[in-house]
Amino acid sequence: MKVIVCVKQVPDTNEVKIDPVKGTLIRDGVPSILNPDDANALEEALALKDKQEGVHVTVITMGPPQADEMLRECLAMGADEAILLTDRAFAGGDTWATSNALAAAIRQMGEYDIIFAGRQAIDGDTAQVGPQIGERLGIPQVTYVQNFEVKGNEVCVQRQLEDGYEVIKVKTPVLLTAIKELNKPRYMSVQGIYDAFREKEVKVWNFDVLGIEKEEVGLKASPTKVYRSFVPQPKGKGTMLDGSVKDMTEKLVVALKEKHII
Ligand SMILES: Cc1cc2nc3c(=O)[nH]c(=O)nc-3n(C[C@H](O)[C@H](O)[C@H](O)COP(=O)(O)OP(=O)(O)OC[C@H]3O[C@@H](n4cnc5c(N)ncnc54)[C@H](O)[C@@H]3O)c2cc1C
């Protein structure tokens, strides 16, 4: 069984701070990490490999050359193969162009059974790339997967809803997007780190491998363009209420009504 996991390197948004004077994001020194939902996707692929003979796990990312390090971390967790899709032609792509490039690369990988992606990347935050890859490849997709089981060529998943879940059975090939409730990602092993950074190869693919036109990727292909980006206004200072509990409760109700919160 061949499993492909789409992984994205993202800035650790927990570490991004706002410059109180300039009001801009401070990105210097912010570490890059494997997108959290993608770690859940990879864990599920690796757990399947632990359980079942003959499971081969490939991780793929589209990104700058420094994404090599994240791919090696995936190898150190237990992935069998890593592909870095990198080329200036991909720069400035929106989700449409990103998923087009990733789907074209997956087509070049031959037969596959399951494609895993994270539900959402913590930087772009759109949750669109996974479903778009499924659409482009013309395969079924199930998003928000919180439980996963394979029986032969059938996958049975629980899809999280706001107030419950659906149980969905679907034939492979299929695209699934993982959420954090699915599992607890494993750590890299010491031997895994040694092998991944010393012995193993990250395959680097450029645009020419994909067999599509230049106009189909990157900024040119993107139907959307980011016109302006800005940092939200910092929240105002908090207000301390004083007086008796009754006074404070009344003031609180008035303040909340003024803000249309209640
Ligand atoms: C309107 C718009 C315009 C943009 N313009 C630019 C721009 O000009 N320049 C620029 O640099 N960026 C731009 N971006 C950001 C870029 O499009 C996104 O980072 C990228 O398309 C992935 O989308 P996302 O981060 O929302 O991922 P999501 O759709 O939230 O990701 C879901 C899952 O898809 C998979 N995935 C997503 N991206 C990748 C990847 N690169 N490799 C492998 N797997 C992946 C992962 O499994 C991830 O968990 C733009 C985004 C938008 C919405």
Side-chain angles (χ1 to χ4, degrees), residues 3-13 16 25 27 32-45 57-71 73-74 77 79 81-109 112 114-137 141-145 174-183 185 202-207 209-210 216-230:
V3 185
I4 298 168
V5 187
C6 300
V7 289
K8 185 180 181 192
Q9 190 181 41
V10 292
D12 187 349
T13 47
V16 177
L25 295 178
R27 291 175 190 273
S32 291
I33 56 167
L34 168 64
N35 181 53
D37 284 349
D38 305 356
N40 295 106
L42 177 58
E43 172 57 39
E44 206 56 31
V57 179
T58 305
V59 284
I60 179 164
T61 195
M62 185 186 103
Q66 57 266 33
D68 174 275
E69 192 177 323
M70 172 202 62
L71 289 175
E73 287 172 13
C74 296
M77 283 169 74
E81 190 185 9
I83 296 172
L84 171 59
L85 193 57
T86 189
D87 200 301
R88 291 189 73 84
F90 303 133
D94 66 3
T95 60
W96 196 95
T98 299
S99 56
N100 208 21
L102 286 166
I106 289 171
R107 261 188 236 111
Q108 299 300 325
M109 290 160 68
Y112 53 83
I114 297 168
I115 302 172
F116 263 115
R119 178 201 52 165
Q120 194 161 347
I122 57 172
D123 56 348
D125 243 2
T126 66
Q128 293 172 359
V129 171
Q132 286 179 357
I133 293 173
E135 282 294 312
R136 283 171 202 288
L137 296 172
Q141 54 176 280
V142 187
T143 52
Y144 285 74
V145 171
V174 62
L175 181 136
L176 306 171
T177 74
I179 57 174
K180 68 173 188 305
E181 287 80 359
L182 182 59
N183 53 42
V202 167
K203 291 184 183 147
V204 181
W205 286 6
N206 64 12
F207 168 79
V209 178
L210 302 188
E216 294 178 71
V217 294
L219 192 60
K220 268 192 206 154
S222 297
T224 57
K225 307 269 182 295
V226 175
Y227 173 64
R228 190 163 77 95
S229 60
F230 55 92

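Whatever order the structure lists them in is the order used to number ligands and atoms, beginning at 1.
- For ligand 1, the atoms lying closer than 4.0 Å to a non-hydrogen atom of V226 are 2 (C), 3 (C), 4 (C), 5 (N).
- Q108 CD: more than 12 foreign heavy atoms inside a 6.0 Å radius.
- Judged by distance alone, the side chain of N183 and the main-chain N or O of E43 form no donor-acceptor pair under 3.5 Å.
- What sits closest to atom 52 (C) of ligand 1 on the protein, heavy atoms only, is D94 CB, 4.2 Å.
- Distances from ligand 1 to the non-hydrogen atoms of R119 include at least one value under 4.0 Å.
- Between the choices G93, P36, G124, the shortest heavy-atom distance to atom 50 (C) of ligand 1 belongs to G93.
- In this structure, atom 53 (C) of ligand 1 lies nearest to the protein heavy atom T126 CG2, 3.7 Å.
- Judged by the shortest distance from any of its heavy atoms, I60 lies inside the 4.0 Å radius around the atoms of ligand 1.
- Of all atoms in ligand 1, listed by their number and element, those nearer than 4.0 Å to a heavy atom of N35 are 49 (O).
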List the steps, then state whether side-chain contact (heavy atoms from CB on, under 4.5 Å) holds for L102 with V129.
CA-CA 9 Å; L102 286 166; V129 171; 4.0 Å; yes
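- Ranking protein heavy atoms by distance to atom 2 (C) of ligand 1, first place goes to T224 OG1, 3.7 Å.
- Counting protein heavy atoms only, atom 35 (C) of ligand 1 is closest to V129 CG1, 3.9 Å.
- In terms of protein heavy-atom proximity, atom 31 (O) of ligand 1 is closest to A121 N, 3.5 Å.
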Verdict with supporting geometry, L71 and V7, side-chain contact (heavy atoms from CB on, under 4.5 Å):
CA-CA 8 Å; L71 289 175; V7 289; 3.9 Å; yes
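- Not a single donor-acceptor pair under 3.5 Å links the side chain of T61 to the backbone N or O of G63.
- Residue-ligand proximity, G92 to ligand 1, at heavy-atom distances under 4.0 Å covers atoms 6 (C), 7 (C), 8 (O), 9 (N).
- Using a 4.0 Å cut-off between heavy atoms, T98 contacts ligand 1 through its side chain alone, with no backbone atom that close.
- Within the 4.5 Å cutoff, the side chain of W96 has heavy atoms near those of the R136 side chain.
- With a 4.0 Å cut-off on non-hydrogen atoms, V7 touches ligand 1 through its backbone and not its side chain.
- Other residues, nucleotides and ligands place more than 12 heavy atoms under 6.0 Å from the CD atom of Q66.
- Protein heavy atom closest to atom 33 (C) of ligand 1, with residue, atom name and distance, is G118 O, 3.2 Å.
- Within the 4.0 Å heavy-atom criterion, both parts of T95, backbone and side chain, lie near ligand 1.
- Of all atoms in ligand 1, numbered sequentially from 1 with element shown, those under 4.0 Å from a heavy atom of A117 are 47 (O).
- For A127, the closest heavy-atom approach to ligand 1 falls below 4.0 Å.
- Annotation for ligand 1: atoms under 4.0 Å from non-hydrogen atoms of T61 are 42 (N), 43 (C).
- In this structure, W205 and A105 approach most closely via the heavy-atom pair CZ3-O, 3.5 Å.
- The shortest N or O to N or O distance between K8 and ligand 1 is below 3.5 Å.
- Annotation: atom 48 (C) of ligand 1 to nearest protein heavy atom, D38 OD1, 3.4 Å.
- Between C6 and ligand 1, an N or O atom pair is found at a separation short of 3.5 Å.
- Nearest heavy atom pair, residue P131 against residue T143, reads CG-CG2, 3.9 Å.
- At a heavy-atom distance under 4.0 Å, only side-chain atoms of D123, from C-beta outward, approach ligand 1.
- In summary, of the residues considered (D123, D125, D38), a salt bridge (Lys or Arg N to Asp or Glu O under 4.0 Å) with K8 occurs for D123 alone.
- Ranking the protein heavy atoms by distance from atom 42 (N) of ligand 1 puts M62 N, 3.0 Å first.
- In plain terms, the two heavy atoms of N206 and L85 that are nearest each other are O-CD1, 4.5 Å.
- T177 contributes no side-chain N or O that, together with a main-chain N or O of G118, makes up a donor-acceptor pair within less than 3.5 Å.
- For the side chain to side chain contact (heavy atoms under 4.5 Å, CB included) with I114, the qualifying choice from I4, L176, V57, V5 is L176, the only one to do so.
- An N or O contact shorter than 3.5 Å is missing between L102 and ligand 1 by distance.
- At a 4.0 Å heavy-atom cut-off, ligand 1 does not touch D37 at all.
- Checking side-chain atoms of S222 against main-chain N and O of D94 turns up a donor-acceptor pair under 3.5 Å.
- Panel note: side chain D37, backbone Q120; a donor-acceptor pair is recorded below 3.5 Å.
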